[in-house]
Q: 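Before I ask anything, here is the structure I am working with.
In this text the structure is predicted, and so the values were computed from the model without any measurement. Letters go in sequence order (proteins before strands), and every chain restarts at 1.
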There are 2 protein chains.
Amino acid sequence: MSINEASRAYGAQKSSIREISAYANARKAEIGAENVFDFSLGNPSIPAPDAVRASIERALALPATQLHGYTPANGLPAVREAVAASLCRRFGEKTASAGDLYLTCGAAASLSITFHAIVNPGDEVIVIAPYFPEYRVWIETSGATCVEVMADAKTFQIDVAAVAAAITPRTRAIVINTPNNPVGSVYSRENLDALAAALRDAEKRLGTTITIVSDEPYREITYGAEVPWVPALYDRTIVCYSYSKSLSLPGERIGWVLVPPTNPEHDDLVFAVAGAGRKLGFVCAPALFQRVLADCVDCPTDVEAYAENRRALTDGLARLGYEFIKPEGAFYLWVKALEPDAGAFFERAKALELLPVPSDSFGCPGWVRVGYCVSHETIVNSMPAWEKLAASYR
Amino acid sequence: MSINEASRAYGAQKSSIREISAYANARKAEIGAENVFDFSLGNPSIPAPDAVRASIERALALPATQLHGYTPANGLPAVREAVAASLCRRFGEKTASAGDLYLTCGAAASLSITFHAIVNPGDEVIVIAPYFPEYRVWIETSGATCVEVMADAKTFQIDVAAVAAAITPRTRAIVINTPNNPVGSVYSRENLDALAAALRDAEKRLGTTITIVSDEPYREITYGAEVPWVPALYDRTIVCYSYSKSLSLPGERIGWVLVPPTNPEHDDLVFAVAGAGRKLGFVCAPALFQRVLADCVDCPTDVEAYAENRRALTDGLARLGYEFIKPEGAFYLWVKALEPDAGAFFERAKALELLPVPSDSFGCPGWVRVGYCVSHETIVNSMPAWEKLAASYR
């Protein structure tokens with residue numbers, strides 16, 4: 001055997017989200033796309049802004065050796081300057097400079113690189129459940145243990161007391177994701193302030209350091225809620241970003257890691273992020289889409305389409321008596337299953353061609369995630385099936 | 001401290017190739033680009049073929065959500081089919097099918113993923129020195145030990161007896177790179193056959209399995225030599241490829257890993273490669289450039305420009321009395337330093353504005369690598385400096 005068993009297992013075990021999505025596609029081929037209500041994936045349903053295409057066309061005028069050549073490992077300086085300038089305009093003048101940014105092949109790369117930059121074998125990293133299941137894969141691959149702390153059962157804000165209780169001398173980091181996948185919650189300033197205070201308190205008590213890894217691909221997709229800038233609340237923060245959702249470019253793999261200048265270990269962390277990228281086999285972020293960023297970093301995200309879907313879905317499900325967490329951001333609705341076993345509830349939904357994702361996939365029982373980054377018709381036309389599903393429980 | 005020290009060190013320690021290249025750029029700004037002879041980098045000097053631009057323009061006509069959306073983790077099926085069909089046309093009808101291919105973010109990703117797919121902590125991986133220095137980084141990150149075996153001192157073919165002597169019960173893989181960076185050699189069929197026989201013999205003797213990892217980004221850049229298809233000579237092979245050199249797309253990060261159907265652990269390895277990609281934070285290869293592959297997989301590489309550079313450089317240096325390995329592939333000339341210490345020789349060259357890379361960077365003393373993926377003028381105009389350098393040793 002010349003095989004790494006952990007790698008084989010990660011390859012053989014499909015993500016349940018991808019499995020439901022594959023089933024949806026097969027089912028659509030069988031009975032017609034209009035008869036299957038696929039709420040499984042987080043693939044943006046609104047197209048990339050026109051500015052992206054214009055930027056690509058402009059880039060094609062460059063000499064090809066320049067356009068497609070290697071860039072520095074952390075990205076083209078002009079692109080990092082444009083991103084830093086945008087962050088400064090939005091969050092304050094000393095938020096970031098070009099040297100604080102490391103451009104990546106998307107959010108997965110940002111997070112994987114960050115974990116490899118900060119943890120050592122034996123460390124613990126806290127995640128707030130329900131959580132994006134790949135967090136566990138990347139945390140474990142970096143050599144750390146993934147420690148789940150359930151969010152507040154009512155509000156799905158961070159349960160700060162539970163986090164404080166879970167911290168040990170080995171706790172090296174906590175991952176937060178706001179706006180949140182899968183719940184759609186946005187952590188309030190009060191909630192984040194309380195978290196920051198609890199972490200500072202634990203650091204002092206234990207003589208350790210705890211980093212917040214702030215995973216923010218949904219920052220631009222909100223429905224009125226404020227999304228506080230985490231490094232302004234807690235120094236020891238690293239921000240992971242991706243343009244997959246804000247510019248609808250998930251397949252192009254482009255994002256960044258920011259080590260804010262206020263992070264007390266800034267200089268070492270900038271090296272550690274670059275070194276982690278190098279170790280894992282990342283050479284540079286795709287060059288053409290680096291250039292697209294320089295042009296499109298301030299393009300507004302067309303949130304209105306998601307807002308309409310959100311309205312139709314929440315109004316419809318409320319009318320039918322479903323309980324859910326009112327989404328303040330991202331494009332997911334977290335709906336309470338009508339029986340304790342989310343898997344069994346999912347099977348009944350599936351029989352009606354409704355395909356959400358059961359919450360067990362996210363480390364939490366009793367709910368389903370309904371992704372509303374779909375066509376508006378899918379939402380409207382799914383309502384009779386949701387009605388039948390509810391009726392089947394009466 | 002919330003830092004992984006190995007990552008910090010990998011980030012702080014620059015590759016010497018990149019350092020020389022940075023010095024070259026600074027020096028050009030100082031004394032004029034035409035007065036600096038920068039032979040340090042492997043950035044292709046010929047542009048991507050026109051078909052690449054045409055393919056991008058064609059792709060832009062697709063709906064943006066389709067064009068830029070997530071692809072399957074192993075890549076778009078139609079693209080993998082196109083690559084597999086091309087391999088079958090070139091190397092025989094059962095060479096590959098779509099399911100054997102995993103598209104990657106370039107050669108670095110292909111290699112890093114392959115090592116994580118096959119090795120376990122404590123394993124040893126053999127590299128043939130001189131070798132691309134990042135091999136060591138990725139091998140060590142996967143948990144294995146990097147074991148250097150010097151190539152034949154005269155021909156720079158694989159020294160099969162030395163490889164056989166280096167094999168232990170822990171040897172899990174050997175990396176070969178033909179056409180070779182940094183030497184420009186191409187391993188002959190006889191040489192590869194002898195290697196295969198030695199590996200089979202060691203497997204039998206030790207009761208272990210040894211994989212050939214064949215790193216082939218320079219396969220298309222040859223000057224008449226045959227580049228044998230390694231899986232046809234040795235079953236337990238994995239092929240790593242990239243379009244960085246053949247299509248001049250190094251910044252776009254696009255390549256693949258092939259688990260040939262003849263590999264005795266094929267099915268498990270296909271899973272292990274996918275799982276290793278997932279573990280490391282690769283979600284899919286950049287979507288737009290996946291589509292470019294489908295159109296351009298059979299585009300011929302414009303080798304003639306490199307061939308002219310090779311002629312000018314080898315003719316010129318031969319006239320001046322330099323010793324070198326006649327390059328049969330890639331775009332590097334391996335030139336014997338005029339004193340035993342390649343670093344000291346490099347310093348004298350540098351004083352004359354000649355910037356090759358000393359061979360110590362590649363795990364081998366006494367030579368320099370001269371990258372001739374530069375403009376033809378750079379080669380012609382560098383000759384007086386090479387002459388002065390030689391004269392300074394008389």
Q: Given the rule in the side-chain contact (heavy atoms from CB on, under 4.5 Å) test, do B/Tyr234 and B/Ile210 qualify, once you have shown the distances and angles that lead to the verdict?
A: CA-CA 10 Å; B/Tyr234 188 74; B/Ile210 304 174; 4.1 Å; yes
Q: Side chain, backbone, both or neither: which part of A/Gln13 has a non-hydrogen atom closer than 4.5 Å to chain B?
A: both
Q: Could you check whether atom CG of A/Asn25 has more than 12 heavy atoms from other residues, nucleotides or ligands sitting under 6.0 Å from it?
A: yes
Q: Please test A/Leu199 against A/Ile167 for side-chain contact (heavy atoms from CB on, under 4.5 Å), starting from the C-alpha separation and ending with a verdict.
A: CA-CA 9 Å; A/Leu199 297 181; A/Ile167 291 172; 3.8 Å; yes
Q: By a 4.5 Å heavy-atom criterion (distance strictly below it), what part of B/Ser45 contacts chain A: side chain, backbone, both, or neither?
A: backbone
Q: Is it the backbone or the side chain of A/Ser110 that comes under 4.5 Å from a heavy atom of chain B, or both, or neither?
A: neither
Q: Return the option, out of A/Ala9, A/Ser112, A/Gly277, A/Gly106, with the maximum number of heavy-atom pairs under 4.5 Å with chain B.
A: A/Ser112
Q: Side chain, backbone, both or neither: which part of B/Thr141 has a heavy atom under 4.5 Å from chain A?
A: side chain
Q: For B/Ala107, is it the side chain, the backbone, both or neither that has a heavy atom under 4.5 Å from a heavy atom of chain A?
A: neither
Q: Decide yes or no for A/Ile238 and A/Val257: does some side-chain heavy atom of the first lie under 4.5 Å from some side-chain heavy atom of the second?
A: yes
Q: Select all residues of residues 246-253 of chain A having any heavy atom within less than 4.5 Å of some heavy atom of chain B, and report them by number, or 'none'.
A: A/Ser248, A/Leu249, A/Pro250, A/Gly251, A/Glu252, A/Arg253
Q: Using a strict 4.0 Å threshold on nitrogen-to-oxygen distance, state whether A/Arg200 and A/Glu203 make a salt bridge.
A: no
Q: Which heavy-atom pair separates A/Phe271 from B/Arg8 by the least distance, and what is that distance?
A: CB-O, 3.8 Å
Q: What residues, two or more places apart in sequence or in another chain, satisfy side-chain contact (heavy atoms from CB on, under 4.5 Å) together with B/Ala173?
A: B/Ile118, B/Val125, B/Thr211, B/Val213
Q: So, B/Asn4 side chain and A/Val119 main chain: donor-acceptor pair closer than 3.5 Å or not?
A: yes
Q: Please classify the contact between A/Ala73 and chain B as side chain, backbone, both or neither, with a heavy-atom cut-off of under 4.5 Å.
A: backbone
Q: Using every non-hydrogen atom in the two residues, find where A/Gln290 and A/Ala285 come nearest and quote the distance to one decimal.
A: NE2-O, 2.7 Å
Q: Restricting to ring pair (Phe, Tyr, Trp, His ring centres under 6.0 Å), what partner residues turn up for A/Phe289, sequence neighbours left out?
A: B/His68
Q: Sub-4.5 Å heavy-atom contacts with chain B: which residues of residues 56-65 of chain A show up?
A: A/Ile56, A/Glu57, A/Leu60, A/Ala61, A/Ala64, A/Thr65
Q: Are A/Phe282 and B/Phe282 close enough that their ring centres sit under 6.0 Å apart?
A: yes
Q: Considering only heavy atoms and a distance below 4.5 Å, find which of B/Ala48, B/Ala274, B/Gly69 pairs most often with chain A.
A: B/Gly69
Q: Around atom CZ of B/Arg170, are there more than 12 heavy atoms of other residues, nucleotides or ligands at under 6.0 Å?
A: no
Q: Could you have a look at B/Gly143, B/Ala117, B/Ala276 and say which one has the most heavy-atom pairs with chain A under 4.5 angstrom?
A: B/Ala117
Q: Is chain A contacted by the side chain of B/Glu140, its backbone, both, or neither, given a heavy-atom distance below 4.5 Å?
A: neither
Q: Is it the side chain or the backbone of A/Val52 that comes within 4.5 Å of chain B heavy atoms, both, or neither?
A: side chain
Q: May I ask you to name which of A/Pro47, A/Ser15, A/Pro44 has the most heavy-atom pairs under 4.5 Å with chain B?
A: A/Pro47
Q: Would you call A/Leu269 and B/Ile3 a side-chain contact if the rule is heavy atoms closer than 4.5 Å?
A: yes
Q: For the residue pair B/Trp256 and B/Tyr243, does the interplanar ring angle fall in the parallel (under 30°), tilted (30 to 60°) or perpendicular (over 60°) class?
A: perpendicular
Q: Are the side chains of A/Val259 and A/Tyr102 in touch, meaning some heavy atoms are under 4.5 Å apart?
A: no
